[in-house]
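Owing to the predicted nature of the structure, the values given are computational and were not obtained by experimental measurement. Count residues from 1 along the sequence.
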Amino acid sequence: MRYQLLSKSEFQHAMSRGNTILIDLREPEVYRRWHLPGAVNKSYDNIHEWAGELDHNARILLYCSHGNESILAARYLGSRGFQVASLIGGVGKR
């Protein structure tokens, strides 16, 4: 299980680098109200379905409201060979 936990400043730095996929794991209605630029909304509950669509050559950056689901998703994706990181503490509900 290879994944990283990143502070907000580390996460922002990782977002600025190329070849990343930014995934927001919050509920769709919360995502619609506010999300990080470039983020796509995915449900942790369906990770088995969308994980196969991800590019193994890209770095996957995950965030959620409090950091719990993004850590679980990072563990799952990391165990499948993805280079993945989760935002510590999440972004809140906004």
Does one hydrophobic cluster hold both [X] and [Y], with members joined at side-chain heavy-atom distances below 4.5 Å?
X: Trp50; Y: Val84; answer: yes
X: Tyr31; Y: Leu25; answer: no
X: Tyr44; Y: Ile23; answer: yes
X: Tyr3; Y: Ile21; answer: yes

For the atom pair [atom1] ([X]) and [atom2] ([Y]), what is the distance rounded to the nearest 0.5 Å?
X: Arg26; Y: Arg32; atom1: CZ; atom2: CZ; answer: 11.5 Å
X: Arg59; Y: Leu22; atom1: CZ; atom2: CG; answer: 11.5 Å
X: Leu54; Y: Ile60; atom1: CG; atom2: CD1; answer: 4.5 Å
X: Lys8; Y: Tyr63; atom1: NZ; atom2: OH; answer: 12.0 Å
X: Leu61; Y: Gln12; atom1: CG; atom2: CD; answer: 11.5 Å
X: Ser86; Y: Leu62; atom1: OG; atom2: CG; answer: 6.0 Å

Discussion item. Here's a test for you: under side-chain contact (heavy atoms from CB on, under 4.5 Å), which of Met15, Arg17, Glu10 qualifies with His13?
Written reply: Arg17
Item to complete: Compare all side-chain heavy atoms of Arg80 with those of Leu77 and state whether any distance is below 4.5 angstrom.
Response: no
Fill in: Evaluation steps, side-chain contact (heavy atoms from CB on, under 4.5 Å), between Val91 and Phe11
CA-CA 11 Å; Val91 293; Phe11 197 84; over 6 Å; no
Practice prompt. Look only at the side chain of Asp24 and the backbone of Asn41, and say whether a donor-acceptor pair between them is shorter than 3.5 Å.
Written response: no
Worksheet entry | Any donor-acceptor pair under 3.5 Å from Tyr76 side chain to Ala51 backbone | no
Worksheet item: Once the angle between the rings of His56 and Phe82 is folded into 0 to 90°, is it parallel (under 30°), tilted (30 to 60°) or perpendicular (over 60°)?
Response: parallel
